[in-house]
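The structure appears right after this line, and notes come after that.
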Amino acid sequence: MAYWLMKSEPDTFSIDDLRERPNGTEHWDGVRNYQARNMMRDQMKMGDKVFFYHSSCPQPGIAGIAEVVAEAYPDDSAQNPESRYFDPKASPDEPRWYMVDVRFERKFKRVISLADLKAEPALGEMKLVQKGSRLSIMPVTAEEWRQILSME
DNA sequence: GCCAACGTTGGC
DNA sequence: GCCAACGTTGGC
């Protein structure tokens, strides 16, 4: 089982939104970055655990935990001209973009802020805290996972 | 294949 | 709203 961190803008889709979905489950559409797509498509497996990260908001940080409940399948929003995620180069034969399903597991008692994560020496190697890191999906090591849980 | 121009992300 | 750091696009 692997660990991940996935970013979402809470104004668009927050951890509370996920919790309120039927079965607490939603597809993670709208990933339009190849590195992030490749990780989702090739490496994310059923049962993997995910830190749900809130970005571009007053308090950026990790808000809670979700679990992967469906492995990658085509992101049909790329083929919907009405969608903000529409990509004219995507087609049924070449879907180009993929998504997974995630299910709400729990919300942290408090948001573990980016500032707190940056201040923790044990997380110095974490991709999230490194300068210029913009990936919306990134792997988290087991050590990082444990460390962050201890900071709740 | 290079690289300039442009678009996006995301913290602040 | 600013802007640094990337990623993507497309002319050549």
Using a cut-off of less than 4.0 Å, is there contact between a side-chain N or O of [X] and OP1 or OP2 of [N]?
| X | N | answer |
| --- | --- | --- |
| K118(A) | dC12(B) | yes |
| Y85(A) | dT8(B) | no |
| K131(A) | dA4(C) | no |
| K7(A) | dT9(B) | no |

Exercise. Do S136(A) and M6(A) have side-chain heavy atoms sitting under 4.5 Å apart?
Worked result: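 Contact flag for S136(A)/M6(A) side chains = no.
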Exercise. Is the shortest heavy-atom distance from the side chain of V50(A) to the side chain of I65(A) under 4.5 Å?
Worked result: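 Counting from C-beta outward, V50(A) and I65(A) never come under 4.5 Å.
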Interatomic distance, [X] [atom1] vs [N] [atom2] [rounded to whole Å]:
| X | N | atom1 | atom2 | value |
| --- | --- | --- | --- | --- |
| Y34(A) | dT9(B) | OH | P | 14 Å |
| R84(A) | dT9(B) | CZ | C1' | 12 Å |
| R32(A) | dT9(B) | CZ | P | 11 Å |
| Q59(A) | dG10(B) | CD | P | 17 Å |
| N38(A) | dG7(C) | CG | C1' | 14 Å |
| L117(A) | dG11(B) | CG | P | 11 Å |
| M138(A) | dT9(B) | CE | P | 14 Å |
| N33(A) | dA5(C) | CG | P | 18 Å |

Problem set entry | E144(A) side-chain N/O to T141(A) backbone N/O, donor-acceptor pair under 3.5 Å |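 Yes; at least one donor-acceptor contact below 3.5 Å.
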Problem set entry | For R134(A), all residues meeting side chain to side chain donor-acceptor pair (under 3.5 Å), sequence neighbours excluded |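 Side chain to side chain donor-acceptor pair (under 3.5 Å) check on R134(A) returns nothing, list empty.
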For this session: Indicate, with a heavy-atom threshold strictly under 4.0 Å, whether Q35(A) touches base, sugar-phosphate, or nothing.
Result: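 Sugar-phosphate, no base atom in range.
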Problem set entry | Base of dT8(B) paired with side chain of R134(A) (donor-acceptor, under 3.5 Å) |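 Flag set: donor-acceptor pair detected.
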For this session: Give the nucleotide from the list dG10(B), dT9(C), dG11(B) with an atom nearest to the side chain of R96(A).
Result: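 Nearest to the side-chain atoms of R96(A), counting from C-beta on, is dT9(C).
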Problem set entry | Minimal non-hydrogen separation, E26(A) against R21(A), with atom names |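 Heavy atoms only, the tightest pair is OE2-NE, 2.6 Å.
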